[in-house]
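Letters A, B, ... are given to chains in the order of the sequence lines, protein chains preceding strands, and every chain is numbered from 1.
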There are 2 protein chains.
Amino acid sequence: MGKNVKLKDIARELNLSKTTVSFVLSGIGDEKGISKATQAKILDYSQAINYRPNQLAQSLTSGITNTIGLIVPSIGDAFYAKLVKEIEKEAEKRGYVILISSSERDSRREMNLIYTMRAKQVDGLVIAPTDNCKKEVEKLLEDNFPFVLVDRICLELDTNYVIIDDEESSYKLVRNLIDKGRRKIAFLTTDTKGSAILNRAKGYHRALEDTGTKLDRSLVKEVPRENYSAYTGDILRELFENHPDIDGFFFAAHYLASETMLYMYKNGMDISSFGLATIHDNPVVEALAPNMSVAKIPLDVMAGKAVNILWTNMKKKGVNEMSGTVIPAKIVIKD
Amino acid sequence: MGKNVKLKDIARELNLSKTTVSFVLSGIGDEKGISKATQAKILDYSQAINYRPNQLAQSLTSGITNTIGLIVPSIGDAFYAKLVKEIEKEAEKRGYVILISSSERDSRREMNLIYTMRAKQVDGLVIAPTDNCKKEVEKLLEDNFPFVLVDRICLELDTNYVIIDDEESSYKLVRNLIDKGRRKIAFLTTDTKGSAILNRAKGYHRALEDTGTKLDRSLVKEVPRENYSAYTGDILRELFENHPDIDGFFFAAHYLASETMLYMYKNGMDISSFGLATIHDNPVVEALAPNMSVAKIPLDVMAGKAVNILWTNMKKKGVNEMSGTVIPAKIVIKD
DNA sequence: CCAACTTACTAAACCGGTTAACTAAATATA
DNA sequence: TATATTTAGTTAACCGGTTTAGTAAGTTGG
């Protein structure tokens, strides 16, 4: 790589001072009273040698890196990949670039990532937090560092966040199944204890209560989040054995829905005979279960709001007023 | 945010010089002859006030940011999301963090991204290049900047790269279909002209030639990459109308395979009656077409090799010997 | 008892930019 | 003609670390 040209080199070459060159290249040449002739000379030469300012040096003085840190549970997951894409898009609009990492749902890792990113002086953080996020997020609050949580929140803490109305959406979906005459609705959820999952369970419970349907705990199954694919088969088999008359399913997550659809498809079951509903879907669900009602998480809206909140927080360096935003999921009822 | 503690603050507080503090915190206290007592004092105090060195400043002097730039066509795409995940994993092993951006298959954007990332002083770049990558990649070569291409290469340029054996894999897949007695094998590809796509077409052609099968141009369909989903239906309809006796398909990309499977499934066609093969698959293909042969792209291997090549390139700052690696896709034949 | 050597640090330059404060020369004003 | 103002720059400090070269005080050897 070698000889990257610096401001000093340009200055020496043109018999000018670093200051003059810096003024011109920063676009404040007129303002600083640099003659048109000199400006042209500087611009031409910089162009010719393909000068590229070192942003590290610039950031060191300005205190701004134009970089946002983004931490998600797993970038390999199609859902988070879409979220990342939208956040990248929004960030780019405002001139930010994204430093990304996966927490792998491990709060220790999450803490380290936050540390690393802050060391790299990111201007702000967007985090889809782990279940045990309290400690590291608390530190961000203490330091009054700009950040916003997305998709899930950190219980007990007053932070910026953008999430969907998990409980309400779940309520509506389950309520709809019951209203359509379904009586034995199984609930597949995960063993994680994040805010989103907990609220989805609440929605399920409330819909049962409101309709006077008795909660049958044996219809509620917690699939281990790690390696869920390996467990779903056995869990479903057991479920169908104990309850051959199940007539509906509510899924707390898209991957549980698709796993179940695959199971039914492979076992020759009639998917269309069930009342089905899920929080967010995926291509497999769309393909196999046109009759699945869905609460679609509007990732573009979520990303837009999140980056916006973060942006205002980064601008006013003063006190942070926390802004919690709950956006409605897009409910699509199918029959 | 406010009062980030600096080296100077620690030095003042402990009545020591910046130098001493820096030595100790860099772990070279012994080497530099700083007394144990002083070292302990510095370490304790830094810990207590939660000192966090500013990596911008460190990088400015060292010339190293421990950051890798990663540019993919689209991070929202499940395939690239997986690739990103693997690259992140490999990078992390070596202490690197990832700056990510999507080129959106636009070489202008790609050029700007490369510029931005170099301005931010990334130590190296991993790029899944656009079809028109020549200009920007040439500049990287000129500047002897460390980078490696993945998934696709830049035609006519001698660079580092890691790709799969597109032609050979395609050949094997198509050859297998023919050997199993398929005679009218349609080829669905895209209108893009990247290296991967071109080589997959070559494989298809060569398999036909070697088996004395006549190439029927009307069996080859280029689906527009942008908004492919909107076009596939019409293209397939036309294909089946003109060739009711099609008995096989070879897909140049997983999304073409899944779109076609969805079409067949929705139209009640018997998927199992066709001979099917694709380069890489996805969950929908797996679900609907257990009889589809696949050349799986080993993203973990690809990422591992790529980061490794990049890493050695970043270490030896000298001349770059370009290392092109072609890894075999994992061929899975199904019936 | 003085030179030589250790020990335990420090001053200042540097990385590559930005910026506040200053100046020399040219022109305008009184 | 002497002074004020404008024009077109420059000097040097700074951002927050690292690093080279150096030094003061204490210890050892002859």
Side-chain angles (χ1 to χ4, degrees), chain A residues 1-43 46 49-66 116 118-123 317, chain B residues 1-43 46 49-66 116 118-123 317:
Chain A
M1 321 200 298
K3 22 92 245 240
N4 265 340
V5 194
K6 327 168 204 174
L7 219 49
K8 200 167 59 176
D9 301 328
I10 301 181
R12 190 185 331 98
E13 178 67 27
L14 301 179
N15 276 315
L16 290 165
S17 70
K18 270 169 63 177
T19 306
T20 304
V21 178
S22 173
F23 283 160
V24 172
L25 293 180
S26 306
I28 52 173
D30 286 338
E31 194 178 318
K32 295 292 179 178
I34 310 299
S35 72
K36 291 286 178 201
T38 303
Q39 292 202 42
K41 215 162 55 174
I42 292 172
L43 290 173
S46 309
I49 61 169
N50 194 22
Y51 171 69
R52 192 191 333 246
N54 182 329
Q55 260 202 46
L56 289 183
Q58 295 182 316
S59 296
L60 187 56
T61 30
S62 68
I64 292 170
T65 54
N66 290 309
T116 304
R118 290 188 65 181
K120 286 193 189 299
Q121 309 298 119
V122 297
D123 297 332
K317 296 250 172 188
Chain B
M1 320 200 301
K3 20 92 248 234
N4 264 340
V5 193
K6 326 168 207 174
L7 219 49
K8 200 168 60 176
D9 301 328
I10 300 181
R12 191 185 330 99
E13 178 67 27
L14 300 180
N15 276 315
L16 291 165
S17 70
K18 271 170 62 176
T19 308
T20 305
V21 179
S22 172
F23 283 159
V24 174
L25 294 180
S26 306
I28 52 173
D30 286 338
E31 194 177 316
K32 294 294 178 177
I34 310 299
S35 72
K36 291 288 180 198
T38 303
Q39 292 203 42
K41 213 161 53 173
I42 292 172
L43 290 173
S46 309
I49 61 170
N50 194 21
Y51 171 71
R52 190 189 334 240
N54 182 328
Q55 260 202 46
L56 289 183
Q58 294 183 316
S59 296
L60 187 56
T61 29
S62 68
I64 291 170
T65 55
N66 290 308
T116 303
R118 289 188 64 180
K120 286 193 189 298
Q121 311 298 119
V122 296
D123 297 331
K317 297 248 170 190

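- Rounding to whole angstrom units, CD of residue A:Gln55 and P of C:dG17 are separated by 11 Å.
- Counting to the nearest Å, the C1' atom of D:dT6 and the CD atom of A:Glu31 are 17 Å from each other.
- Here D:dG16 presents its C1' atom at 9 Å from CD of A:Gln121, a figure rounded to the nearest Å.
- Atom C1' of nucleotide C:dG16 and atom CG of A:Leu25 are separated by 13 Å, given to the nearest angstrom.
- The shortest side-chain heavy-atom distance between A:Ile10 and A:Ile49 falls under the 4.5 Å cut-off.
- Residue A:Lys8 places none of its side-chain N or O atoms closer than 4.0 Å to OP1 or OP2 of C:dG16.
- For B:Thr19, whose side chain is taken as the heavy atoms from C-beta onward, the closest listed nucleotide among D:dG9, C:dT10, C:dG16 is C:dT10.
- Using a 4.0 Å heavy-atom distance criterion, A:Ser22 is classed as a base contact.
- Using a 4.0 Å heavy-atom cutoff across all strands shown, A:Leu56 reaches no nucleic acid atom at all.
- Contact between A:Asn66 and A:Asp123 at its shortest, heavy atoms only, is N-OD2, 2.6 Å.
- In this entry the distance linking CD of B:Gln39 with C1' of C:dC9 reads 12 Å, nearest Å.
- Residue B:Thr20 is classed as a base contact, given a heavy-atom separation below 4.0 Å to a base.
- Evaluation of atom-type donor-acceptor distances gives no pair under 3.5 Å for the side chain of B:Thr61 against the base of D:dT19.
- The shortest distance between side-chain heavy atoms of A:Ser46 and A:Leu25 falls below 4.5 Å.
- Between A:Tyr51 and C:dG17 there is a side-chain polar atom (N or O) within less than 4.0 angstrom of OP1 or OP2.
- You'll find that the side chain of A:Ser17 is closest to D:dT11, out of D:dG17, D:dT11, C:dG16.
- Atom CG of B:Asp9 and atom P of D:dG17 are 9 Å apart (whole Å).
- When B:Asn54, B:Ile64, B:Thr65 are each tested for a side-chain contact (heavy atoms from CB on, under 4.5 Å) with B:Ser59, only one passes: B:Thr65.
- Using a 4.0 Å heavy-atom cutoff across all strands shown, B:Asn15 reaches sugar-phosphate atoms only and no base atom.
- Toward the 5′ end of DNA chain C lies the nearest nucleotide of B:Ser35, the other residue of the pair B:Ser35 and B:Leu60 mapping further downstream.
- Listed pair A:Ser59 / D:dC15 fails the phosphate criterion, with no side-chain N or O lying under 4.0 Å from OP1 or OP2.
- Within the structure, every side-chain polar atom (N or O) of B:Ser62 is placed at least 4.0 Å from both OP1 and OP2 of C:dC15.
- Using a 4.5 Å heavy-atom threshold, the side chains of A:Leu60 and A:Leu56 count as separate.
- Set against C:dA8, D:dT18, D:dG9, the side chain of A:Leu16 has D:dG9 as its closest nucleotide.
- In the set C:dT18, C:dT10, C:dT19, the nucleotide with an atom closest to the side chain of A:Phe23 is C:dT19.
- You'll find that the side chain of B:Ile34 is closest to C:dC9, out of D:dG17, C:dC9, C:dG16.
- A salt bridge is absent between B:Lys6 and B:Asp9; no separation between the charged side-chain nitrogens and carboxylate oxygens falls under 4.0 Å.
- Of the side-chain N and O atoms in B:Gln58, one or more sit less than 4.0 angstrom from OP1 or OP2 of D:dT18.
- In terms of polar N and O atoms assigned as donor or acceptor, the side chain of A:Lys18 comes within less than 3.5 Å of the base of C:dG17 in a complementary pairing.
- Counting atom types as modelled, A:Thr38 pairs no side-chain N or O with a base atom of D:dA8 as donor and acceptor under 3.5 Å.
- If you take CD1 of B:Ile28 and P of C:dC9, they are 15 Å apart, rounded to a whole angstrom.
- In this entry the distance linking NZ of A:Lys32 with P of D:dT7 reads 15 Å, nearest Å.
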